Amino acid sequence: MTSLFHDIIFGPVRSRRLGLSLGVNLLPVDSKLCSFDCIYCECGWNADHPGARRFNPREEVRAQLEAVLRRMVAEGTPPDVITFAGNGEPTLHPHFEAVIDDTLALRDALCPAARVSVLSNATQLHRPDVRRALGRVDNNILKLDSAFDATVRRLNLPQNPAYTVRATVEAMKGFEGRMILQTMFLRGTCDGAPVDNTTDEEVAAWLALVDEIRPGSVMVYSLDRDTPCPTLGKVPREELEAIAARVRRLGIPCSVA
Ligand code: SF4
């Protein structure tokens, strides 16, 4: 079963890697809204959620976040990280930059040690406001699952037919290393067609782009929860570690989630 986040603010959840993480969902609370439709998306398919396409208003996000942060600080458990994720692509929010500025101001005032993270699929980097906002957060985590347009079309189903890996890579280079590249590795079939971004050809071409983008660090991971396409396989940890070792040989830190 895939599942949605039903609140604007969710968690906090404690993880070994991030510490105490509070989530912010800018997308509709009752449907998924994304510029990709990844075959592994934990929220399910876009089409499964035809509900109200309403972004959570900036003021409501700020007010709810402030209330939760105040409570957490008062209880002596401020978050270690505030993470923008949720039911789709956060940078689609029309006031994304203002929301980020509100969040940074709240963080500075209430829990200055907390880091602000955004998990994005990098499809909105053509918007200057999105680039500015992502340039201000502590962890600008951008997805790139393959060096090949054809594979991205199979794996991520970009909703914009004009999507290209090349344009995405060029936009990523604009951050001059102030970004974290995140890549999901998997293999299997979807709708009877094979999909695999772990072949020698795939990994070599992806590594060449990693070297070109020169992100501050890279995170590789594989399937963890249920996916809308049930015939996908998890890549074993040893294989992810071998890919990570190749990234590190480029002089770029790489973690395996
Ligand atoms: S980019 Fe993220 S939210 Fe969008 S479809 Fe892919 S996994 Fe789901």
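Predicted model only: the values in this text are computed from it and were never measured. Counting starts at 1 for both ligands and their atoms, following the listed order.
Using a cut-off of 2.8 Å, one finds that C34 contributes no N/O/S atom close to atom 6 (Fe) of ligand 1.
Residues S35 and N160 have side chains that never bring a donor and an acceptor to within less than 3.5 angstrom of each other.
When all heavy atoms of W45 and C38 are compared, the closest pair comes out as CZ3-O, 4.0 Å.
Of all protein heavy atoms, the one closest to atom 5 (S) of ligand 1 is C38 N, 3.2 Å. Among all non-hydrogen protein atoms, the one lying nearest atom 8 (Fe) of ligand 1 is C41 SG, 2.3 Å. In terms of protein heavy-atom proximity, atom 3 (S) of ligand 1 is nearest to G88 CA, 3.6 Å.
For the side chain to side chain contact (heavy atoms under 4.5 Å, CB included) with F84, the lone residue among N25, L26, V137 that qualifies is L26.
Near D37, meaning under 4.0 Å from one of its heavy atoms, ligand 1 places the atoms 5 (S). Per-residue contacts place N121 under 4.0 angstrom from the following atoms of ligand 1 (heavy atoms of the residue considered): 1 (S).
Taking 4.0 Å as the cut-off between side-chain N and carboxylate O, R187 and E202 do not count as a salt-bridged pair. We find that E89 and K143 are not joined by a salt bridge, their nearest charged nitrogen and carboxylate oxygen being 4.0 Å or further apart. Ion pairing between R127 and E97 fails under the 4.0 Å rule for side-chain N and carboxylate O.
The shortest distance between side-chain heavy atoms of L155 and F148 does not fall below 4.5 Å.
Residue contacts with ligand 1 do not include C43, since none of its heavy atoms lies under 4.0 Å from the ligand.
With a heavy-atom cut-off of 4.0 Å, K32 touches ligand 1 through its side chain alone. Contacts of K143 with ligand 1, taken as heavy-atom pairs under 4.0 Å, involve the side chain alone.
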